[in-house]
Amino acid sequence: MQTQVAIIGAGPAGLLLGHLLRAEGIECVVLERQTGPYVLSRIRAGVLEQVTVGLMERLGLDARMKAEGLAHDGFHLADGKRLIRIDIAGLTGKQVMVYGQTELTRDLMEATAGRGLEVIHEAADVALHDIESDAPFVTFRKDGAACRLDARLIVGCDGFHGPSRKAIPASAGREYERVYPFGWLGILADVPPCNHELIYANHERGFALASMRSHARSRYYVDVPLAERIEDWPDDRIWDELAIRLGPEAAAHITRGPAIEKSIAPLRSYVFAPMRHGSLMLCGDSAHIVPPTGAKGLNLAASDVHYAAEALVRFFKAKDPDGISGYSDKALARVWKSERFSWSLTRLMHRFPEDGAFERAMQVAELDYIAGSRAAQTSIAENYVGLPV
Ligand SMILES: Cc1cc2nc3c(=O)[nH]c(=O)nc-3n(C[C@H](O)[C@H](O)[C@H](O)COP(=O)(O)OP(=O)(O)OC[C@H]3O[C@@H](n4cnc5c(N)ncnc54)[C@H](O)[C@@H]3O)c2cc1C
């Protein structure tokens, strides 16, 4: 098989990129290890910045998002005593869109056939070859048969554990990493949210987040030590813990219900640089991970895709390679700012086991400063809605 761009991974990054390239008449094939239903069963991000909304609009795939998504004007930080509202619309003139990653992926997936985007699911043993040449190729197995896909460029959209980043020699890049001493235990339930906007809470028992996917579906998290097991958290224990950590105001409005999904996700900050090596470009989680505290993971994948699509269109249509050679610097400039925001919000809103009285006093002082400062709130708001691409 031959194509112009081989895309590895059909998560949001791979599907968005594939659609953007097809819309420009560029040939591409997407290779995905899992089945479509499996990809859709993964419950992940839910807050979309303008960059992600804008790409869906550009593709004309925004109808369901506009009909079912919830446009939010603000969110709250809770410090155990009060709710500090960050008025993102008032401070930045922009909004965020609450729409599940699953739904966005479904919209992209359902449009593939109609738009001629070829996605090969259940592609096993995907391996990248000759990425330092102008004729790289990918090998994989499909239904037991050995297959080969030749391309001019490969884009790795295969998440943190995929083969793309690992194909880059260690000497050609650098890893930056911070692993946090806790994970987020999430519960998804078909109950109305306790508040119409998100609440991020720093309580003496730990962090909590009240979030939602729709008016009828709620997503809540509490942080737990990494050694914790999901079996030790029956639904009632999670609801009890949420009620304590979110505080009495929110707790009064929590509707309990059976979990339709429950999992513990470890938290990590990670960047691999550069994000291009020879004929291989990396997008999304294959190059970087953020803790979910700033709701940046999916949105960073979208901004990478925005830059990658721009570079690839320039390369194939204007025969100009400068976009490809400049891709990594351009993408990383925004990645590092989102990493900083996610790390600082994680630092502010969680109780770290190694922290002493001084670090706790710094959290109290910072939350107090934010509560009384329009400048501090504006800084948080402009990062939360997403920096420009
Ligand atoms: C448990 C969890 C919870 C999260 N919660 C949030 C959140 O609340 N808010 C937020 O902003 N972000 C969250 N994130 C992060 C967000 O979901 C990711 O940043 C986003 O999915 C990145 O999209 P992606 O397309 O780059 O990677 P992915 O969504 O990981 O997609 C990668 C794709 O590549 C495929 N793949 C992997 N290996 C191979 C292979 N060998 N061959 C072929 N295909 C392969 C995978 O099956 C997958 O479909 C969460 C992530 C996780 C894991």
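Along the sequence shown, residues carry numbers from 1. Both counts, for ligands and for their atoms, begin at 1 and track the order of listing.
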Shortest protein heavy-atom distance from [atom], along with the residue and atom involved:
{"atom": "atom 11 (O) of ligand 1", "answer": "Gly297 N, 3.2 Å"}
{"atom": "atom 44 (N) of ligand 1", "answer": "Arg33 N, 3.1 Å"}
{"atom": "atom 46 (C) of ligand 1", "answer": "Glu32 OE2, 3.5 Å"}
{"atom": "atom 37 (C) of ligand 1", "answer": "Asp158 O, 3.2 Å"}
{"atom": "atom 13 (C) of ligand 1", "answer": "Ala45 CB, 3.8 Å"}
{"atom": "atom 1 (C) of ligand 1", "answer": "Ala265 CB, 3.7 Å"}
{"atom": "atom 41 (N) of ligand 1", "answer": "Pro163 CD, 3.2 Å"}
{"atom": "atom 18 (C) of ligand 1", "answer": "Asp285 OD2, 3.2 Å"}

Closer than 4.0 Å to some heavy atom of [X] - which atoms of ligand 1 meet that?
{"X": "Ala295", "value": "11 (O)"}
{"X": "Ala13", "value": "24 (P), 25 (O), 26 (O)"}
{"X": "Gln34", "value": "47 (O)"}
{"X": "Cys157", "value": "32 (C), 33 (C), 34 (O)"}
{"X": "Val126", "value": "42 (N)"}
{"X": "Leu31", "value": "43 (C), 44 (N)"}
{"X": "Gly284", "value": "26 (O)"}

Checking [X] side chain against [Y] main chain: does a donor-acceptor pair fall under 3.5 Å?
{"X": "Asp223", "Y": "Phe207", "answer": "yes"}
{"X": "Lys262", "Y": "Trp233", "answer": "yes"}
{"X": "Arg165", "Y": "Ser286", "answer": "yes"}

For the residue pair [X] and [Y], confirm or rule out a side-chain donor-acceptor distance under 3.5 Å.
{"X": "Arg374", "Y": "Gln377", "answer": "no"}
{"X": "Tyr176", "Y": "Ser269", "answer": "no"}
{"X": "Tyr221", "Y": "Arg219", "answer": "yes"}
{"X": "Tyr270", "Y": "Glu175", "answer": "yes"}

For atom 23 (O) of ligand 1, which candidate among Pro12, Ala10, Gly183, Gly11 holds the nearest heavy atom?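 Nearest option to atom 23 (O) of ligand 1, by heavy atoms: Pro12.
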Among Ser263, Gly159, Gly162, Gly186, whose heavy atom sits nearest atom 27 (O) of ligand 1?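 When every heavy atom of Ser263, Gly159, Gly162, Gly186 is considered, Gly159 comes closest to atom 27 (O) of ligand 1.
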Straight-line distance of Ile7 CD1 to Leu153 CG, nearest 0.5 Å: 11.0 Å
In this structure, which one of Val5, Leu21, Thr3 forms a side chain to side chain contact (heavy atoms under 4.5 Å, CB included) with Glu27?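 Testing each of Val5, Leu21, Thr3 against Glu27, the sole residue satisfying side chain to side chain contact (heavy atoms under 4.5 Å, CB included) is Thr3.
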At a 4.0 Å cut-off, with the gap strictly under it, does some heavy atom of [X] reach an atom of ligand 1?
{"X": "Gln101", "result": "yes"}
{"X": "Arg42", "result": "yes"}
{"X": "Tyr221", "result": "yes"}

Above 12 or not: heavy atoms from other molecules or residues under 6.0 Å from CD of Glu249?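 Open: at most 12 neighbouring heavy atoms sit under 6.0 Å from CD of Glu249.
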Check Asn299 against ligand 1 and report side chain, backbone, both or neither, counting heavy atoms closer than 4.0 Å. neither
Which residues pass the side-chain hydrogen bond (donor to acceptor under 3.5 Å, both in side chains) test with Arg351, not counting sequence neighbours?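 Scan of Arg351 (side-chain hydrogen bond (donor to acceptor under 3.5 Å, both in side chains), adjacent residues dropped) gives Asn202.
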Less than 4.5 Å apart, side chain to side chain, heavy atoms only: is that true for Leu198 and Tyr384?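 They are in side-chain contact.
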Would a 4.5 Å heavy-atom cut-off, applied to side chains only, mark Leu59 and Leu16 as touching? yes
N/O separation below 3.5 Å, Pro292 to ligand 1: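 Between Pro292 and ligand 1 (N or O atoms, distance only) the closest approach is not under 3.5 Å.
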Nitrogen or oxygen of Arg44 less than 3.5 angstrom from that of ligand 1: yes
Determine, using the 4.5 Å side-chain heavy-atom cutoff (strictly less than), whether Tyr369 and Leu348 are members of one ILVMFWY cluster.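 Different hydrophobic clusters.
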